[in-house]
There are 2 protein chains.
Amino acid sequence: MKQPRVTIKQVAAEAGVSITTVSHVLNDVPGLRVNPATKQRILEVSGRLGYIPNGLAQSLRTQRSHTIGLIGDEIVTTPFASKLILGAQEVALARDTVLFVVSTGYQRHVEDREIEELLRRQVDGILYASMFHRAVTLPRQLASVPTVFLNAECATPGVPWVAPDEVAGGRDAAEVLLEAGHRRLGFINNVDDIPASSGRLAGFLQRVEEAGVDASSVRVISVESEPAGGYAAAMELLDTPERPSGVFCFNDRLALGAYRACAELGLRVPDDVSIVGFDNHEYVADGVYPGLTTIELPHYDMGVWGAEHLFSLIDGDADGTGAGEVAAAESALLRGPVIHRGSVSSPST
Amino acid sequence: MKQPRVTIKQVAAEAGVSITTVSHVLNDVPGLRVNPATKQRILEVSGRLGYIPNGLAQSLRTQRSHTIGLIGDEIVTTPFASKLILGAQEVALARDTVLFVVSTGYQRHVEDREIEELLRRQVDGILYASMFHRAVTLPRQLASVPTVFLNAECATPGVPWVAPDEVAGGRDAAEVLLEAGHRRLGFINNVDDIPASSGRLAGFLQRVEEAGVDASSVRVISVESEPAGGYAAAMELLDTPERPSGVFCFNDRLALGAYRACAELGLRVPDDVSIVGFDNHEYVADGVYPGLTTIELPHYDMGVWGAEHLFSLIDGDADGTGAGEVAAAESALLRGPVIHRGSVSSPST
DNA sequence: TTGTACGCGTTATCAG
DNA sequence: CTGATAACGCGTACAA
């Protein structure tokens, strides 16, 4: 089944030339004119034999594996991750390189092992992704390899990172509600102390104040970001005459719970209460009725940004002088779009 | 930033031995006793220098890249895929090999290019995955590489494949409903003519008949498998006095639409109508209220099965005689578990 | 027990 | 315009 693959040597023999010449025409070596006739012959033979160069040998020789590693915690398991991977993969593909995707499952020893595995395979660079926006530090083994952090803020200086602009996201959510005319607001936040929860809250309140609404009037409840938590929080928030007319949920799953609470309380979305989510979780935000208006996380864009910067790091490092680092070492906060669906309308009261 | 990596030569020099000896101790060559003292020294030096063997060179030499490719259509983008990848990845990891994951986006030229890219990188084998259960044929370039199909039935003889047992799934769904005491049944199916839709229907009706219920009494409606389709179908199915008390939906998204229809018709799940989904779509099936009882697709298991069989193919081919093919060439239909949540109860009428 | 030397498939340098 | 030949880093017969 596995017949030995055809090598450049065979092509050379079959075409009656040296391997050097074959290599030359196949790689279009610049400034080197080859007799059109032999060139044609080589191309023909190569095609006929189905010759595919051995990338391992090429990489060994050129010191470029055209391979980058994407390492994440449980990144591979989550639906968000796919967008991130997709973004990185598309820019990688455009540069003829492929991705090794590995995930650690949050276990340190697995991470160590996988990083080593990546290095052993001579990846040109590494994309280190976190499933949720958080702060991390550079694993020591990565010190000698171009690395970019995705969906995480890296404390180690000189290492580029990209993460969602949570504050802007919070502001956007407030904007949607304020624009629709809501003034009595609620926010069901996540309890975890991570950039996402503090940032979205800060942005939300910020924007609310700018609109002339007293920030202390918005009721904030923090719960575990599961449907059950959203349900409980919404019950508490909405089961009162002074209930807010607009509620911002830390994420779409929380919003799911809020939907249920509304249904049980006999409140209609969006007529009685408007809801804004966060994540644009596919199959959740658009599967629910009415469709959930939500803020999308820029996963795809982070993947693209990260890969592009990784390449500039790799290329800049090509000479070993570290040039290019300065320009590439900047990090970024990316913003996702607001996805308008049916869960927000003007307040009835 | 990218300092030249340490090679085996440096380790040898530093330890005052030849590279042969270093190679021997690092690879634990069997039947070769090395002086414990030098062995210790080599290990120490190797560790101190942070030596990591160059996998490219190793592979070039040993003709084994310890790499397998996972190629799929839009597999990387979908939540199901991650389970599949995870399964494959875990068995791969256990055998010290990593996965190249690439996706074609259903474009033939992308697929050709990516397969070539995989071959160029000397993958030891290929896992060819489909996002939805369907029949496919072996791309010609893969003829010379060990290949296993995932979530697809391969028409080409000699190529192992693994797919979900749709008929069993349909039977399981019927079982759940029948067990709860339902006799008036409905089935909201997918319109597409794929193994999943025909198989689940067949299994469902089969099991229903076995229970002594006239199969022709179950109302079957085929729609596009989106929430909107499920909603429309459920409205048609349920807005009548003789409505079924138990409904099986082709997938969870369809079930989502059915939930909404129930809500609008004032029917309660599961008190007035029991619903069974399919897929166990994370964040949908358990995010909805009441939780959706559903049949899980064996994605993880397919990944494991596929990778294991791929390895047996690879190892069996090691001698080039093709031995082992016979044993490994069998294919399989895998069955997923029933996930009981709250959407099924005994019929009230 | 340890070292020398060759080959894996390429690319790149330098002659011819 | 074309062809030897030396790396790339490692594994491994074979020799010492």
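Just so it is clear, the values below take in all heavy atoms, side chains as well, and ignore hydrogens, waters and symmetry mates. Throughout, a chain's letter reflects where its sequence line sits, starting with A, and its residues are numbered from 1.
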Got A:Thr20 and A:His24 here, is their nearest side-chain heavy-atom distance under 4.5 Å?
-> yes

Between A:Tyr51 and A:Gln10, a side-chain donor and acceptor under 3.5 Å = no

Tell me what B:Ser23 touches on the nucleic acid: a base, only sugar-phosphate, or nothing, going by heavy atoms under 4.0 Å.
-> base

B:Gln122 atom CD is separated from C:dC8 atom C1', nearest whole Å, by 11 Å

Report the residues that fulfil side-chain contact (heavy atoms from CB on, under 4.5 Å) with B:Val136, sequence neighbours left out, ordered by chain and then residue number.
-> B:Arg134, B:Phe149, B:Ala152

A:Ile314 and A:Ile68, any side-chain heavy atoms less than 4.5 Å apart | yes

How would you list, by chain and number, every residue that makes a side-chain contact (heavy atoms from CB on, under 4.5 Å) with B:Thr62, sequence neighbours excluded?
-> B:Arg64

To the nearest Å, give me how far apart CZ (B:Arg121) and C1' (C:dG9) are.
-> 16 Å

Mind checking what makes side-chain hydrogen bond (donor to acceptor under 3.5 Å, both in side chains) contact with B:His66, not counting sequence neighbours?
-> none

Walk me through it: do A:His309 and A:Glu330 pass the test side-chain hydrogen bond (donor to acceptor under 3.5 Å, both in side chains)?
-> CA-CA 9 Å; A:His309 280 249; A:Glu330 14 163 309; 5.3 Å; no

Do any side-chain nitrogens or oxygens of B:Gln63 fall under 4.0 Å of OP1 or OP2 in C:dG7?
-> no

Specify the closest pair of heavy atoms between B:Ser65 and A:Leu56, including all atoms of both residues, with the distance to one decimal.
-> CB-CD2, 4.3 Å

B:Gly105 backbone acceptor or donor facing B:Ser103 side chain under 3.5 Å = no

Would you tabulate the nitrogen or oxygen pairs shorter than 3.5 Å linking the protein to nucleotides 3-6 of chain C?
{"residue": "C:dG3", "atom": "OP2", "partner": "B:Ser18", "partner atom": "N", "Å": "2.7"}
{"residue": "C:dG3", "atom": "OP2", "partner": "B:Ser18", "partner atom": "OG", "Å": "3.2"}
{"residue": "C:dG3", "atom": "OP2", "partner": "B:Thr21", "partner atom": "OG1", "Å": "3.0"}
{"residue": "C:dT4", "atom": "O4", "partner": "B:Thr20", "partner atom": "OG1", "Å": "2.6"}

Could you tell me from which nucleotide to which nucleotide of DNA chain D, 5' to 3', there is an atom under 4.0 Å from chain B heavy atoms?
-> D:dG9 to D:dA13

Selection: residues 36-58 of chain B, any non-hydrogen atom under 4.0 Å of DNA chain C = B:Thr38

If you find the nucleotide of DNA chain C closest to B:Leu60 and the one closest to A:Thr62, which residue's nucleotide is nearer the 5' end?
-> B:Leu60

Full working for salt bridge (charged side-chain N to carboxylate O under 4.0 Å, His left out) between B:Asp124 and B:Arg95 = CA-CA 12 Å; B:Asp124 295 329; B:Arg95 315 212 22 170; over 6 Å; no

Checking B:Thr104 side chain against B:Glu111 main chain: does a donor-acceptor pair fall under 3.5 Å?
-> no

